[in-house]
Amino acid sequence: MADPMRIRAQAAGDKATVRVLMSHEMESGQRKDAAGKVVPAWHIQEVEAKLNGKSVMTAEWGAAVSKNPFLQFNVKGAKAGDKIAVTWKDNKGDTRTDEATVS
Amino acid sequence: MMLHRSISLLTVGCLLASAALAQKTAVQSIEEYRAMLQDGNPADLFEAKGEDLWKQKRGPKNASLEKCDLGKGPGVVKGAFVELPRYFSDTNKVQDLESRLLTCMETLQGFNAVEIAKTPFGRGEQNNMTALVTWISAESKGMKFNLSQVHPQEKTFYEVGKRLFFQRAGPHDFSCSSCHGQDNTRIRLQDLPNLTKNPGDGIGFAAWPAYRVSNGQMWGMQQRLNDCYRQQRFPYPGFASDATVALGVYLGVNSQGSASVAPAIKR
C-alpha cells in the first residue's frame with residue numbers, strides 16, 4: 001500500500017490553491033541497478049482532482065516527473081469547507097486517494 | 001582616433017559593469033531555487049510516516065516507541081532533538097538520536113539493534129529510522145540547540161569529536177576541516193559552512209535531517225556524516241558508532257544557540 005499524500009488547500013478570493021505532495025518512487029525505466037539490469041518503469045500515469053466529488057482536473061503523467069512529486073493548482077469557485085480529493089494511479093495499477101478540506 | 005577608441009572602450013566597460021550587476025551570483029540563484037522548493041518539501045511525507053511509526057506497535061515485542069526516553073523523559077519528543085547527542089545513564093553512553101532510537105527499538109520493540117546498524121541506508125529498517133528521525137527533528141523545528149556539557153563523558157566526546165574533525169588521513173590526506181575549516185569557501189556551487197565555530201541558524205548541524213532533491217532521498221545526520229567520510233575516501237564509519245556520535249557532539253555544541261530548521265531541503 002502506498003504511503004499517504006499530503007494535501008493542503010487554501011481559499012483566497014474566488015479560488016483555492018491546492019498543494020499536493022505524493023509519495024512515489026517514480027522510477028523512469030531508464031536506470032540500471034548494480035547488476036546492470038534495467039530497473040522497470042514504475043510511475044504515476046493518471047492524476048485526478050475532485051471538488052466535492054466533481055472532477056475539476058485530470059492529468060497524464062509520465063517518467064519525466066520527479067520522485068515524490070509536488071503538484072500545485074488553483075480551483076475556481078472553491079471555498080472554505082469544500083472537499084478536495086486527489087487520486088493517482090500508477091502503471092502497475094496501484095492507486096491512492098486522499099482528501100482534504102479547503103481552509 | 002586615439003580619443004575615439006578610448007571612448008568606445010569606456011562604453012564597453014560600462015556595459016560589462018551593468019551586465020555584471022544585473023546577473024545573479026550562482027549562490028543567489030541556488031537560494032532562489034531553494035526558496036521555490038521550500039513550499040513542497042517532500043520531507044513532509046517522511047515526517048508523517050515517522051509519526052505513524054512512533055505510535056505503531058511493531059517488532060517482536062509488538063510495542064510502540066511511545067515510552068522511548070529521548071532525554072526529556074519517556075515519550076517526550078518536543079525539544080528532545082536540539083539537546084542531542086547527550087549522556088544517558090541507563091546505557092551509560094553518550095548517544096545521538098539514531099543510536100538512542102536503536103536502543104529504544106531493541107529494548108521496547110525487541111528489534112536487533114546490531115542488525116539494523118549493519119543494514120545499508122535506504123533498506124529495510126533503515127528507511128523507518130530515517131522517517132523517525134525526520135519526524136522527531138520536525139517536532140523541534142525552530143528551537144535552539146542546547147547540548148549539555150555537564151557529564152564528563154559529554155566533555156570527552158566533544159574533545160574526541162574535535163580530534164576526529166581535524167584528523168587527516170586516507171588516500172587524499174583529508175580531514176573534515178579540509179572542507180569545513182574556513183569561512184566563505186565552496187565546492188563547485190555549494191557553500192561550505194565553517195563548522196569549527198557556530199555557523200548560524202539553520203546551517204550545518206542545524207540543517208539535518210534534510211531531503212535532497214537531486215537524488216530524491218531523505219538523509220539523517222548519520223547518513224550525512226557517512227557521506228562526508230565517503231567523499232574523503234575513508235572507510236565507512238559504523239552506523240551510530242561512538243566516532244559519529246562524538247562528531248555530532250562537536251558539531252552540536254559548536255551550534256549552541258542556533259535554531260534548527262530540520263527537516264530541511266537541499267538542492
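Below, chain A is the first sequence line, B the second, and so on; all start at residue 1. The basis for the numbers below is simple: all heavy atoms, side chains too, and nothing from hydrogens, waters or symmetry mates.
Taking the side chain as every heavy atom from C-beta outward, B:F46 and A:N68 approach each other to under 4.5 Å.
At a 4.5 Å heavy-atom cutoff, the contact between A:R6 and chain B is made by backbone and side-chain atoms alike. Contacts between B:D52 and chain A at a heavy-atom distance below 4.5 Å are absent for every atom of the residue. With a 4.5 angstrom heavy-atom cutoff, A:E25 does not touch chain B via any of its atoms. Only the backbone of A:P4 comes within contact range of chain B, with heavy atoms under 4.5 Å apart. Residue A:M26 does not touch chain B at all, counting heavy-atom pairs closer than 4.5 Å.
Here A:R19 contributes atom CZ and B:D44 contributes atom CG; the two are 11.5 Å apart, rounded to the nearest 0.5 Å.
More than 12 non-hydrogen atoms from other residues, nucleotides or ligands lie less than 6.0 angstrom from NZ of B:K141. Heavy atoms from other residues, nucleotides or ligands lying under 6.0 Å from NZ of A:K67 number more than 12. Other residues, nucleotides and ligands contribute over 12 non-hydrogen atoms within 6.0 Å of the NZ atom of B:K266.
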